[in-house]
Amino acid sequence: MSQSNTTLAAQPAWRATLSAYINLVKPHVTVLLLGVTAATMAIAVRGLPPLGITLGTLLGGFMSAGSANCINCYIDRDIDQVMGRTQRRSLPAGRVQPQQALIFGIILGVGSFFLLWGLVNLLSAVLATSAILFYVFIYTLGLKRTTAQNIVIGGAAGAVPVLVGWAAVTNSVSLSAIWLFAIIFYWTPPHFWALSLLIQKDYEKAKVPMLPVLMGETETRKQILLYSLLLVAVTTILFLMGAMGYIFLFSSLILGGILVYMAVRLLNDDASRKWARTIFWYSNCYLALIFAVAVIDRVIHF
């Protein structure tokens with residue numbers, strides 16, 4: 001067989017392997033976190049951050065989030081085999097061996113620390129590493145299989161990229177950064193509880209104590225509305241403390257009002273699955289839009 005034919009024959013296997021490892025880092029989740037990180041950097045400097053620092057932060061952030069997701073896949077591989085939503089992931093499908101996934105996750109985590117330390121600063125590296133450790137040890141190993149509050153507390157790990165982005169360009173963490181952190185923290189429960197309503201049976205089969213499994217659908221709907229209201233309050237505080245202006249205030253009230261409206265419909269309507277699906281979809285858009293509006297507000301602040 002000629003060299004060109006050998007290359008063509010090997011290409012599908014190479015692509016399959018690459019795809020399997022990309023699947024481990026959960027790129028659909030990581031991309032949203034990177035967008036939030038970049039937006040926070042722009043908010044902190046009120047404009048475009050330095051290109052080199054931006055690229056270093058985003059690459060380090062990608063590796064950090066990928067590490068946490070990869071190790072999570074390793075730990076939860078038994079659950080993922082049971083749940084229909086996750087059975088096609090690389091480990092349950094047998095496309096990557098567990099030990100290889102764990103090593104890959106550790107390499108990404110260690111690499112992200114040294115990359116951020118070398119190209120950005122030590123504070124951003126420490127914060128990114130703390131997010132990995134929190135997600136793996138506090139959320140995945142400590143909370144996910146033991147309490148219905150797993151998403152509430154565990155959501156802190158997903159909010160750390162805000163602090164990483166702020167620290168990357170200021171080498172500090174300010175009160176404004178903490179309130180931006182709070183936006184993601186209070187956004188997380190409505191987002192994931194809406195998903196848990198959609199796949200409640202999967203969580204029951206896997207014996208994961210998500211809120212609808214332990215407390216029922218009605219209580220879950222109430223909690224989604226409560227946290228949606230708290231989310232609107234958190235965004236308003238950023239205006240009241242002078243960190244954001246009227247563009248952000250009006251936009252956040254509109255975006256948050258839509259989420260609250262959906263949560264009310266979810267609470268009152270029988271077609272809960274329809275509104276749960278809508279909230280899950282809209283909440284992704286909400287997070288991207290609220291940070292985009294924050295960037296615009298800080299650049300043309302009035």
Side-chain angles (χ1 to χ4, degrees), residues 28-29 31-40 43 148-162 176-200 203 210-212 215-241 243-298:
H28 58 290
V29 176
V31 167
L32 183 59
L33 296 178
L34 293 180
V36 168
T37 303
T40 303
I43 292 168
Q149 295 300 306
N150 47 19
I151 285 300
V152 178
I153 303 170
V160 171
V162 165
S176 295
I178 292 172
W179 280 108
L180 290 172
F181 171 97
I183 288 177
I184 301 182
F185 183 82
Y186 283 100
W187 165 87
T188 302
H191 175 71
F192 278 99
W193 282 337
L195 174 63
S196 70
L197 286 172
L198 296 172
I199 59 172
Q200 180 178 342
Y203 284 123
M210 295 298 289
L211 190 62
M215 306 296 291
E217 288 192 15
T218 300
E219 181 61 26
T220 303
R221 296 179 200 175
K222 291 178 180 178
Q223 291 295 316
I224 288 174
L225 176 58
L226 172 62
Y227 274 89
S228 297
L229 291 168
L230 289 172
L231 180 58
V232 174
V234 167
T235 57
T236 304
I237 289 173
L238 279 164
F239 170 78
L240 295 177
M241 65 183 285
M244 295 292 171
Y246 287 99
I247 294 175
F248 180 82
L249 174 65
F250 295 138
S251 300
S252 64
L253 290 175
I254 292 171
L255 293 170
I258 294 171
L259 182 62
V260 170
Y261 168 78
M262 291 178 176
V264 170
R265 293 297 302 268
L266 174 67
L267 181 63
N268 295 326
D269 287 8
D270 291 334
S272 59
R273 187 168 295 274
K274 167 193 170 184
W275 285 105
R277 186 177 293 108
T278 303
I279 288 175
F280 179 71
W281 171 83
Y282 175 74
S283 58
N284 278 318
C285 299
Y286 171 90
L287 191 63
L289 289 172
I290 201 73
F291 273 85
V293 167
V295 172
I296 294 170
D297 184 276
R298 289 282 285 183

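Computed from a predicted structure; not experimentally measured.
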Q | Leu238 side chain near Leu180 side chain, heavy-atom distance below 4.5 Å | A | yes
Which atom pairs, one a donor and one an acceptor, fall under 3.5 Å between side chains of residues 286-296 and the rest of the protein, sequence neighbours left out?
none

Q: Find the distance between CE (Met262) and CZ (Arg277) and round it off to the nearest 0.5 Å.
A: 13.5 Å
Donor-acceptor pairs under 3.5 angstrom involving side-chain atoms of residues 183-195: please list them, not counting sequence neighbours.
from	atom 1	to	atom 2	distance (Å)
Trp187	NE1	Ser283	O	2.8
Thr188	OG1	Ile184	O	2.7
His191	ND1	Ser283	OG	2.6

Q: Mind checking side-chain contact (heavy atoms from CB on, under 4.5 Å) for Thr218 and listing every partner two or more places apart, or none if nothing turns up?
A: Lys222
Q | Approximate separation, where rounding is to 0.5 Å, of Leu231 CG and Leu226 CG | A | 11.0 Å
Q | Within-4.5 Å side-chain heavy-atom neighbours: Leu266 and Leu225 | A | no
(Q) Is the shortest side-chain heavy-atom distance between Met244 and Leu249 below 4.5 Å? (A) no
Q. Within a reach of under 6.0 Å around CE of Met241, are more than 12 heavy atoms found that belong to other residues, nucleotides or ligands?
A. yes
Q) Arg298 side chain to Ala243 main-chain N or O, any donor-acceptor pair under 3.5 Å? A) yes
Q. Which value, rounded to the nearest 0.5 Å, describes the distance between Leu211 atom CG and Glu217 atom CD?
A. 11.0 Å
Q | Spatial distance of atom CZ (Phe250) from atom CZ (Phe239) [nearest 0.5 Å] | A | 7.0 Å
Q. Is Tyr282 close to Leu255 at the side-chain level, that is, under 4.5 Å between some pair of heavy atoms?
A. yes
Q: Provide the closest heavy-atom pair for Thr236 versus Val232 in the form atom of the first, atom of the second, distance.
A: OG1-O, 2.9 Å
Q. At their closest point, which heavy atom of Gly245 faces which heavy atom of Asp297, and how far apart are they?
A. N-OD1, 2.7 Å
Q) Is Leu197 close to Arg273 at the side-chain level, that is, under 4.5 Å between some pair of heavy atoms? A) no
Q) How far does OG1 of Thr278 sit from CZ of Arg265, to the nearest 0.5 angstrom? A) 9.5 Å
Q: Would you name the heavy atoms of Ile224 and Ser228 that are closest together and state the gap between them?
A: O-OG, 2.7 Å
Q. CE/Met215 to CE/Met210 distance, rounded to the nearest 0.5 angstrom?
A. 13.5 Å
